[in-house]
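Below is one structure, written out as structure tokens, with a few remarks after it.
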Amino acid sequence: MAASLFSVISRFLEEYTNTTPNKLKLVDAYLLYILLTGAFQFLYCLLVGTFPFNSFLSGFISCVGSFILAVCLRIQINPHNKGDFLTVSPERAFADFLFANTVLHLVVVNFIG
Amino acid sequence: MSISPWILPSCLLSSLVLSGLVLGAHALTPSHHLAASDVARLEAVLSQSFTDLQSAYYSIVGLNKLGVSVADTDEACRFLQSNVDPTSIASLFYAAEASQSLSGCEIPVSNETRDFLLAAVSEDSTISQIHNSVSTLSSLGLPLASQEVVSALTSRITKEDNVYAITLALQTAAHLSQQADLSGILEEIEDLAARLDDLGGVYLQFEEGLEATALFVTAAYALSDHVDMEPPLKEDQVIQLVNSIFSKKSWDSLSEAFSVACAAAALSNNRFHVPVIVSALGPATVSHRQPLLQLQVTNVLCDPLTSASVVVESASSVTTKSAILNQSPFSLRDGIFELNFMNSQPASGYYQFAVAVTGDSRLVANHIELKVKVSTEVVISNMDLSVVDKDQSIGTKTTRVDYPSKAKNSFVADSHQNFAMSFQLVDVNTGVELTPHQTFVRLHNQKTGQEVVFVAEPDSKNLYKFELDTAERKSEFDSISGTYALYLIVGDATLENPILWNVADVVLKFLDEEAPATVQTKTLYVPKPEIKHLFREPEKRPPTVVSNTFTALVLSPFLLLLILWIKLGANISNFSFSPSCILFHVGHAAMLGLMYVYWTHLNMFQTLKYLAILGSFTFLAGNRMLAQKAVKRYLRLSTCNKLTSKKGCNLPQGTG
């Protein structure tokens, strides 16, 4: 069982490294960063406590929101999905990503206290 | 057929009116009057030695009104004769009036003076001058023309409309001949009475004050008596006037005292209204020792109305509302009206008396309500003390104690036993059982000074019972065992002999372990311990080491990101140095900086303002930059499409 799991994972990683365009790999690295940041924040909250709660919430929501926006960006600039996004060019997707992030971070900074 | 529907409502209406009249018949009685001491004080004020003619007039005439004569009449007469000034009407008036009050005193008046006085009666003189001259002429017995006076007064009244002037006009009219037409002036009484102020339904007086009110009363009754017509004052108004005039018991000036004396004389001796003052002599209490209810029935000058007959219309008990007396007369003895109430054998308590004073049609306020107390003496009978076992297995041994002795042995009660007491309170004279307001049992610990008071309550047969459950009541005693002196306290408003009786000594035994070490005096009135306000505790923070560690941990993925990006070969070399690109990056960096500044310094409104500026700038620059990038990409794509085999085609893998 473990052997098949291991082979699946290694196959997946191989495919990923070979077939994914560089642009998407950059975005994936960003996604990994956001994920780890969020995970560490959650770990702190579990270990030490929720004080101050608003700060924890805003930090966590920032991570979650940024992750979601980055995923949206990735979907939109993926050449495979070009057929679904005929009206949205990669530049447009990036501009949308920037704008949405600005709004998100405005709210996050407001709530962080 | 058509009449019948109207009969019922009219019947109802008339019955309502009748009941209203019956209810309204409860008249006002004087709440303020002169007592004998006040009358004496008034006489003393008026008996001061004269300083001038006016004060002599006030004193002599005032004392005459009170029925008292001046100390030395000859001396007074000489004073008048020597001080009179024939050129002043006022002076003549004072002298003439005063001399009339003194017997055998004459003021000689010359013809010139008489002419001078007659000339003063005209429309050009003030009412005061007319009054003075008319009074002088009348006192000296000189003739005067009444009709001329009436016309002069009538024309002057229209010009001088104040209270004092019209009062003087009324007083003047009382000296005139009865044949003259005084009806016009008589109407002024009613007009003036309408100007009186009703204060709370108790007082009726002019806003000018006591003197004006008193002088008005004097003048009104003088004129009314003169023309033999009842003054237009209702009985309640008369009583309110009495309250106003006699509420002041010490007078500011001689003229005020004089006016009060005149009013008192007028109200006690006129043809129409004589207010009656009824008051009990001392407290209105009767008992077996003092069975007579004594009433003082006087006029406003404190002269007893010996010709009147005083009758108790009804006397009923306040609590049971049963009538005790009906139409019983008072008997007169030495100016006091007496009634032996104890002959009717009333039970002790309060009784409402309705007393009527009759015999003279002029009497006003002659129905009075009086509350009379009947008091008695109480005796305690059948005082039985016993100690009862709680489980009732051992028979009780009762000890009979007689008042005022004390029980010989002390009673012992511990937590298994109850101490019981029963007794009866009986009226000494009638043998009826009483339930006084205060029946207390007091236990006093002589050693510690503790005192506990209980209430003894009567059962349905008026037998008082008191039971002390030692175990149940230990909190009141603070569980302190010892000898307690037992007192019985009996008191009531209708008892003449309140009782404080040390009945016995009771030894109470509580369980020792519950007793406090020292007896704490109840500290009720010492400062209480200070309450310290507890501020909200700040939340517990983790140690700085932990916080710092986790801060570093949370920031560490950023390093990882940079490493990954470098490893992936992020294309920084393609960075075009076009102005829009630089501006875009600068603007974007500024927006991120604004976020930080927002966190530290600004509020939302300021931030939105700056963000709007920076954002629009960044947007324009970014738009330019991205458009340029898009054009570049498109060009590259089309070139690559044309030259598929060219090496410089930098197509990303997997693109279609």
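Every chain is numbered from 1 and lettered A, B, ... according to where its sequence line falls, protein lines coming before strand lines.
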Inset, instruction - Report the option among A:V48, A:L106, A:L36, A:I112 that has the most heavy-atom pairs separated by less than 4.5 Å from atoms of chain B. - result: A:L106
Inset, instruction - Side chain from CB out, backbone as N, CA, C, O: work out which of these in B:F584 comes under 4.5 Å of a heavy atom of chain A, or both, or neither. - result: side chain
Inset, instruction - Go through the atoms of B:T618 and report whether side chain, backbone, both or neither lie under 4.5 Å from a heavy atom of chain A. - result: neither
Inset, instruction - Under 4.5 Å heavy-atom distance to chain A, tell me which part of B:L560 shows up: side chain, backbone, both or neither. - result: side chain
Legend entry - Side chain / backbone / both / neither for B:T549 at chain A, heavy atoms under 4.5 Å: neither
Inset, instruction - Can you label the angle between the B:F454 ring and the B:F477 ring as parallel, tilted or perpendicular, going by 30° and 60°? - result: tilted
Inset, instruction - Pick one of side chain, backbone, both or neither for A:L47, based on which atoms fall under 4.5 Å of a heavy atom in chain B. - result: side chain
Inset, instruction - Determine the interplanar angle of the A:Y30 and A:Y33 rings, folded into 0 to 90°, and report it as parallel if under 30°, tilted if 30 to 60°, perpendicular if over 60°. - result: tilted
Inset, instruction - Could you tell me whether A:F99 atom CZ has more than 12 heavy atoms of other residues or ligands within 6.0 Å of it? - result: no
Legend entry - Residue that, paired with B:M604, satisfies side-chain contact (heavy atoms from CB on, under 4.5 Å) out of A:V107, A:N110, A:V109: A:N110
Legend entry - Sub-4.5 Å side-chain heavy-atom contact between A:Q76 and A:P90: no
Inset, instruction - Measure B:L611 against the heavy atoms of chain A and call it side chain, backbone, both or neither at under 4.5 Å. - result: side chain
Legend entry - Crowding at OH, A:Y16 (>12 non-hydrogen neighbours, <6.0 Å): yes
Legend entry - Structural part of B:M595 lying under 4.5 Å from a heavy atom of chain A: both
Inset, instruction - For B:R442, look at atom CZ and say whether over 12 heavy atoms of other residues, nucleotides or ligands are found less than 6.0 Å away. - result: yes
Inset, instruction - Answer yes or no: is there an ion pair linking B:R473 with B:E476, defined by an N-O contact shorter than 4.0 Å? - result: yes
Legend entry - Which portion of B:L555 sits near chain A, non-hydrogen atoms under 4.5 angstrom: neither
Legend entry - Segment of A:L32 engaging chain B (4.5 angstrom heavy-atom cut-off): side chain
Inset, instruction - Name the region of A:L35, side chain, backbone, both or neither, that has any atom closer than 4.5 Å to a heavy atom of chain B. - result: neither
